[in-house]
Amino acid sequence: MAKKQTTPQEREPRMWLFKSEPDVFSFQDLLKAPKKRTGWDGVRNYQARNFLRDDCKLGDLVLYWHSNAEPPHAAGIAKIVREGHPDPTQFERGHDHEDPGSDPSDPRWMQVEIEAVKAFPRPVTIDMLRADKRSAGMLLLAKGQRLSIQPLAAAHYELVLELAGLT
DNA sequence: GCCAACGTTGGC
DNA sequence: GCCAACGTTGGC
C-alpha cells in the first residue's frame, strides 16, 4: 500500500487551565524539571480525569494557575506533549495519591505530560482578572468552582496573555 | 436511589 | 486558619 501524503487529522489547539499549588509544584519547578516537563499526576476528580483522558490533545496550551497562593495567579504557559495515559501514582504503595481501588488492567486515573513554554513577565492575579470585564464567563472565577482542569476559551487565554504583558 | 456525614478545595 | 461550596461515601 502506497504511503499516503495526507496530513494527520488536526484541529485548532485548545486552551486549558491547570491548577497547582506552588508549594507543591510551581511553574518554576516545571522550568527546572528535566526537559521542562512533568507528568500531571494526582488528579482525583472524575470530571477533570475525563478532560485529561479524552480532550487534552498534543499541542494544546495550558495556562498554569497557582492556587492557594498569595495572591492566586497565572504564572505561565505550558503545552501538552503527551496525551492521556495512566497516572502511575495511583499504583504506588503508600503514595499520597495511591488508589487501592484502581485496577491496573483498567486504570481509574489518567495524566498527561506538559512542557513549560513561557513564564509570564508579570503574574496575572485573580484581582486583575476580576477587574477586567472581558473575564466574564471564566470558569475559574465562578463561585464555588474547584475543578482543577478547566477548558479555557481562546478569548480568555488571549486576555491573560495581554494582562501578563505578552502582547 | 436518597441523603447525611465526611473529606477536599481554594479564596479569603 | 476559617469556612463555603462541592464531591464522594455508605447506611438504609
Side-chain angles (χ1 to χ4, degrees), chain A residues 14-33 38-56 60-80 84-114 116-153 155-165:
Chain A
R14 290 185 187 148
M15 287 75 175
W16 304 94
L17 183 148
F18 284 18
K19 294 180 187 174
S20 182
E21 301 190 20
D23 289 348
V24 178
F25 195 83
S26 70
F27 193 77
Q28 307 308 319
D29 293 329
L30 180 60
L31 287 170
K32 287 183 288 190
T38 193
W40 203 255
D41 59 28
V43 171
R44 295 294 181 268
N45 168 280
Y46 287 104
Q47 198 179 349
R49 188 278 312 268
N50 293 349
F51 284 135
L52 294 176
R53 186 188 61 193
D54 304 329
D55 300 318
C56 291
D60 281 2
L61 294 162
V62 173
L63 182 66
Y64 200 110
W65 185 259
H66 281 169
S67 60
N68 262 315
E70 187 57 48
H73 61 276
I77 298 298
K79 65 182 177 185
I80 307 286
H85 56 284
D87 174 348
T89 64
Q90 69 195 305
F91 302 122
E92 288 178 21
R93 287 273 180 80
H95 194 285
D96 272 358
H97 296 130
E98 182 190 10
D99 181 357
S102 180
D103 177 352
S105 68
D106 184 21
R108 181 177 291 168
W109 303 113
M110 299 298 214
Q111 65 172 17
V112 297
E113 195 170 324
I114 67 168
V117 173
K118 190 162 188 50
F120 287 156
R122 55 171 185 264
V124 179
T125 68
I126 196 167
D127 284 343
M128 289 166 68
L129 283 172
R130 287 220 170 93
D132 195 305
K133 286 179 181 171
R134 291 172 293 173
S135 71
M138 274 187 82
L139 215 51
L140 176 75
L141 303 179
K143 184 181 170 76
Q145 183 54 64
R146 304 186 312 183
L147 196 58
S148 65
I149 304 289
Q150 304 182 358
L152 181 68
H156 290 146
Y157 176 82
E158 295 298 332
L159 170 63
V160 174
L161 290 198
E162 179 189 319
L163 294 175

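In what follows, chains are A, B, ... by sequence order, proteins preceding strands, each numbered from 1. Just the heavy atoms: all of them, side chains too, but no hydrogens, waters or symmetry mates, feed the values below.
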J.: Who pairs with A:Asn50 by side-chain contact (heavy atoms from CB on, under 4.5 Å), at least two apart in sequence or on another chain?
T.: A:Arg53, A:Asp54

J.: Give a yes or no on whether a salt bridge exists between A:Asp99 and A:Arg108, defined as a side-chain N under 4.0 angstrom from a carboxylate O.
T.: yes

J.: Quick check: do A:Ser148 and A:Asn45 have side-chain heavy atoms less than 4.5 Å from each other?
T.: no

J.: Provide the start and end nucleotides, 5' to 3', of the part of DNA chain B that has atoms under 4.0 Å from heavy atoms of chain A.
T.: B:dG7 to B:dC12

J.: Both A:Tyr46 and A:Asn68 contact DNA chain C. Taking the nearest nucleotide for each, which residue is further toward the 5' end?
T.: A:Asn68

J.: Just jot down the salt bridge (Lys or Arg N to Asp or Glu O under 4.0 Å) partners of A:Asp41, sequence neighbours excluded, or say none.
T.: none

J.: Does the ring center of A:Trp65 lie less than 6.0 Å from the ring center of A:Phe27?
T.: no

